[in-house]
Amino acid sequence: MRNLKKILLMTGLVLLTFVSGTQAQEKPSILTVVTSPDVQTQGMAFVLSIQSVQQGAQVRVLLCGPAGDLALKGAAETKLKPKGMSPQMLMSKLITLGATVEVCALYLPNADKTPADLVDGVGVAKPPAIAAAMLAPDTRLFTF
């Protein structure tokens with residue numbers, strides 16, 4: 001009986017260690033929705049998203065309304081101090097780091113644009129996928 005208790009105790013400790021280790025390996029999931037036309041707000045959304053990726057998060061960015069213009073080829077750029085980077089430059093860096101960046105499903109048809117008008121690395125969001133991300137219990141939602 002004493003050996004059985006020891007075996008059960010050790011099995012429990014091994015399982016606890018395994019479960020704790022598995023949970024520690026999961027990446028936090030962040031959905032950043034950018035709608036603001038303000039360049040500083042757009043820039044900060046990307047700066048914080050970049051920092052989140054660099055700290056281990058899985059980041060997805062949804063550009064809607066005026067912020068969708070950031071994803072267009074040839075869009076005007078405003079460089080921000082202190083690093084001299086535009087929101088588009090920050091967005092490109094974020095994509096390079098592995099984040100997903102998409103325009104909302106309503107953006108292109110209402111801007112009379114097509115997916116061919118988007119810069120490389122930016123896709124078109126599918127509402128069911130965005131809704132699933134929003135509803136996932138481990139997703140943190142940030143709006144700018």
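Keep in mind that this is a model prediction, so the values were computed, not measured. All values below come from the heavy atoms of this structure, side chains included, with hydrogens, waters and symmetry mates left out.
Taking all atoms of both residues into account, the shortest heavy-atom contact from A125 to P127 is O-CD, 3.8 Å. Minimum interatomic distance between T32 and S49 (heavy atoms only, all atoms of both residues): OG1-OG, 3.3 Å. Scanning both residues, A133 and T139, for their nearest heavy atoms gives O-OG1, 2.9 Å. For the residue pair G43 and L80, the shortest heavy atom distance occurs at CA-CD1, 4.0 Å. For the pair Q42 and P87, the tightest heavy-atom approach, listed with the atom from each and the gap, is OE1-CG, 3.9 Å. Closest approach of G68 and V103 over heavy atoms only: O-CG1, 4.2 Å.
No side-chain heavy atom of M89 sits less than 4.5 Å from a side-chain heavy atom of S92. Taking the side chain as every heavy atom from C-beta outward, C64 and L106 never approach each other to under 4.5 Å. Two residues are said to be in side-chain contact when any heavy atoms from C-beta on lie closer than 4.5 Å; V33 and L141 meet this criterion. The side-chain heavy atoms of L118 and L72, taken from C-beta on, include a pair separated by under 4.5 Å. In this structure, I130 and R60 have side chains that are in contact, with non-hydrogen atoms separated by less than 4.5 Å.
V59 and L31 fall into different hydrophobic clusters, where Ile, Leu, Val, Met, Phe, Trp and Tyr residues are linked whenever their side-chain heavy atoms come under 4.5 Å apart, directly or through other members. A continuous path of hydrophobic side-chain contacts links V122 to V53 [ILVMFWY only; heavy atoms under 4.5 Å]. Transitive grouping of hydrophobic side chains (ILVMFWY, heavy atoms separated by less than 4.5 Å) keeps I30 and M134 in distinct clusters.
D138 CG: more than 12 foreign heavy atoms inside a 6.0 Å radius. Crowding of Q40 atom CD: a count of heavy atoms from other residues, nucleotides or ligands under 6.0 Å not exceeding 12.
The CG atom of L70 sits 9.5 Å away from atom OG of S36, with the distance rounded to the nearest 0.5 Å. Interatomic distance, CD of Q88 versus NZ of K79, reported as 10.5 Å (0.5 Å rounding). To the nearest 0.5 Å, the span separating NZ on K73 from CG on D117 amounts to 7.0 Å. Atom CZ of F144 is separated from atom OG1 of T41 by 8.5 Å, given to the nearest 0.5 angstrom. In this structure, L94 CG and S52 OG are separated by 9.0 Å, a value rounded to the nearest 0.5 Å. Taking CD1 from I95 and CG from L90, the interatomic distance works out to 11.0 Å, rounded to the nearest 0.5 Å.
No option in V61, L63, V34 other than L63 meets the side chain to side chain contact (heavy atoms under 4.5 Å, CB included) test with M91.
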